Number of protein chains: 2
Amino acid sequence: MGRPSKKQERTEEILQAFQRCVARFGLEGSSLERIAEEAGLQRSLVRHFVGNRDDLIAMLADRVIAQSDAQWSAFLEILPPQGAVEALLEGLFHEATSDPEFVLVIESLIFASSQKPELQQLMQQWLKRFTDDVTGIIARDFPQNSAEDLSAVAFGIVSLYFNLDSLAPIGLNDQYREPAYKAAQRLINSLSN
Amino acid sequence: MGRPSKKQERTEEILQAFQRCVARFGLEGSSLERIAEEAGLQRSLVRHFVGNRDDLIAMLADRVIAQSDAQWSAFLEILPPQGAVEALLEGLFHEATSDPEFVLVIESLIFASSQKPELQQLMQQWLKRFTDDVTGIIARDFPQNSAEDLSAVAFGIVSLYFNLDSLAPIGLNDQYREPAYKAAQRLINSLSN
DNA sequence: TTGTAAATTGTCAAATATGACAATAAACTT
DNA sequence: AAGTTTATTGTCATATTTGACAATTTACAA
């Protein structure tokens, strides 16, 4: 009964438009006006489907985190049972050409975390999953090391990877990718066995 | 002749207010209105002394970079002639409790770099000075290593340090400081000699 | 065809941001 | 005291953003 709802697709379109806007103008700079224009919809429709900008931000965060998790999970699936660490480094520093727009959105969310407690919690958990997974992978290949050493190495690798993304706006990504990879290798080599 | 100019002090006040605003609302979210209110001045005065927001951003960038460079230079001065690397790590990961507001401002500038070429160039140079200095310090204590290895280790240390700041908005700074320090040590220990 | 739920369009009022500029007040020099 | 430079205040026009809501249209079910 009644007209079929386009809420799903419309919401998707709007969120994609929002994502593009955030990458270009930042969270604060993305007015509903701009988002609507970017999505090719009327502002009223944006309001109708997703509410005000705070609602939008919450939805965007969920979406982005889910997307990131999905990518990450898919990546983990591919890792070989043994020699996983080597494949991990290859994947993180050589193959992975993360979408700059996506990176900017995540940066924005991280940045906005300091103002939005709910968001901060989401990002905390997101980061923790990431580092814990990396620690786990390393632990499997290098079981003889203490948890402390493993965490340190894992955090180092995550930092190297994240830093490439964080500094992406500066535009030196290509220049620093190789040093980052080498540094990660050195961290791994510093483990026993 | 004529009334004495307060341009210096006023500009300083305005930039400080701007800095506070940026830390709270982001670059885009800092309207002249807000800045003026934060500075306790009329908006007209803000315009009178520093111009529009693009002018403001340029001035803020110069100021922040100068400030950062000054701090960094002062820090380098203190480093002992030998054993400098150890002191470096101590300083970066244990003593240095960087002002969160200041960090947020730098983050904002880095982030905005992707949209503003002049700013991007400034930040590139700023980052380069930083990593080159670190490379130099390490090179002095570990002269037997190749430039490539030294750069990798230096970039690793810089990444660890920056990452702590980048992730500061997430609020896990304390938790990750020690792993970061240990990872940095491991990188250093991976060098010959 | 009729009822209904949802999409879609359009409009209004209020708040906010910006640029430009006039007018006044203050502080200094000669 | 006169002149000059700058600070300071105030205002006007304009554009943007937002929230709220009314009116209309569309697509489906019975």
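What you are looking at is a predicted structure, and each value in this text was computed from that prediction instead of being measured. Protein chains get the first letters and strands the later ones, always in sequence-line order, with residue 1 at the start of each.
- Within 4.0 Å of A/E33, counting heavy atoms only, lies at least one base atom of the nucleic acid.
- Of the residues near DNA chain C, B/S30 and B/P4, the one whose nearest nucleotide (by heavy atom distance) lies more toward the 5' end is B/S30.
- Whole-Å rounding puts the B/R34 CZ to C/dA15 C1' distance at 13 Å.
- The listed nucleotides are D/dT17, D/dG19, C/dG19; the one nearest the side chain of B/R47 is C/dG19.
- Between B/R10 and B/R3, it is B/R3 whose nearest contact on DNA chain D lies nearer the 5' terminus.
- Look at B/E38 and B/R24 and you find a salt bridge, because one of the NZ, NE, NH1 or NH2 atoms lies within 4.0 Å of a carboxylate O, short of that distance.
- Of the candidates C/dA17, D/dT18, D/dA7, D/dT18 carries the atom nearest the A/L32 side chain, counting heavy atoms from C-beta on.
- The distance from atom CD of A/E38 to atom P of D/dT17 is 14 Å, rounded to the nearest whole Å.
- Across C/dC28, D/dT8, C/dT11, the shortest atom-to-atom separation from the side chain of B/L45 is found for D/dT8.
- Put simply, B/K6 has no side-chain N or O that comes within less than 4.0 Å of OP1 or OP2 on C/dA26.
- If you measure from atom CD of B/E12 to atom P of D/dA7, you get 16 Å, rounded to the nearest angstrom.
- In the set D/dT18, D/dG10, C/dA27, the nucleotide with an atom closest to the side chain of A/R43 is D/dT18.
- In this structure, of C/dA20, D/dT8, C/dT8, it is C/dT8 that holds the atom nearest to the side chain of A/H48.
- Rounded to whole angstrom, the span from the CD1 atom of A/I35 across to the P atom of D/dG19 amounts to 11 Å.
- Under the salt bridge (Lys or Arg N to Asp or Glu O under 4.0 Å) test applied with A/E12, the options A/K6, A/K7, A/R63 reduce to a single match, A/R63.
- At the heavy-atom level, A/S5 lies under 4.0 Å from the strands shown only through sugar-phosphate atoms.
- Rounded to whole Å, the distance from CD on B/E37 to C1' on C/dA15 is 14 Å.
- Closest to the A/Q42 side chain, of the nucleotides C/dT18, C/dG10, D/dG10, is C/dG10.
- Look at B/D132 and B/R129 and you find no salt bridge, because none of the NZ, NE, NH1 or NH2 atoms lies under 4.0 Å from a carboxylate O.
- What separates CD of B/E9 from C1' of D/dT6 is a distance of 13 Å, to the nearest Å.
- B/F93 CZ to B/Y161 OH: the interatomic distance, rounded to the nearest 0.5 Å, is 8.5 Å.
- One can place CG of A/D55 at 13 Å from P of D/dT18, the figure rounded to the nearest angstrom.
- By the 4.0 Å N-to-carboxylate-O rule, B/R10 lies close enough to B/E13 to be salt-bridged with it.
- For B/S31, whose side chain is taken as the heavy atoms from C-beta onward, the closest listed nucleotide among C/dT8, C/dA17, D/dA27 is C/dA17.
- Remark: C1' of C/dT16 and CZ of B/F25 are 14 Å apart, rounded to the nearest angstrom.
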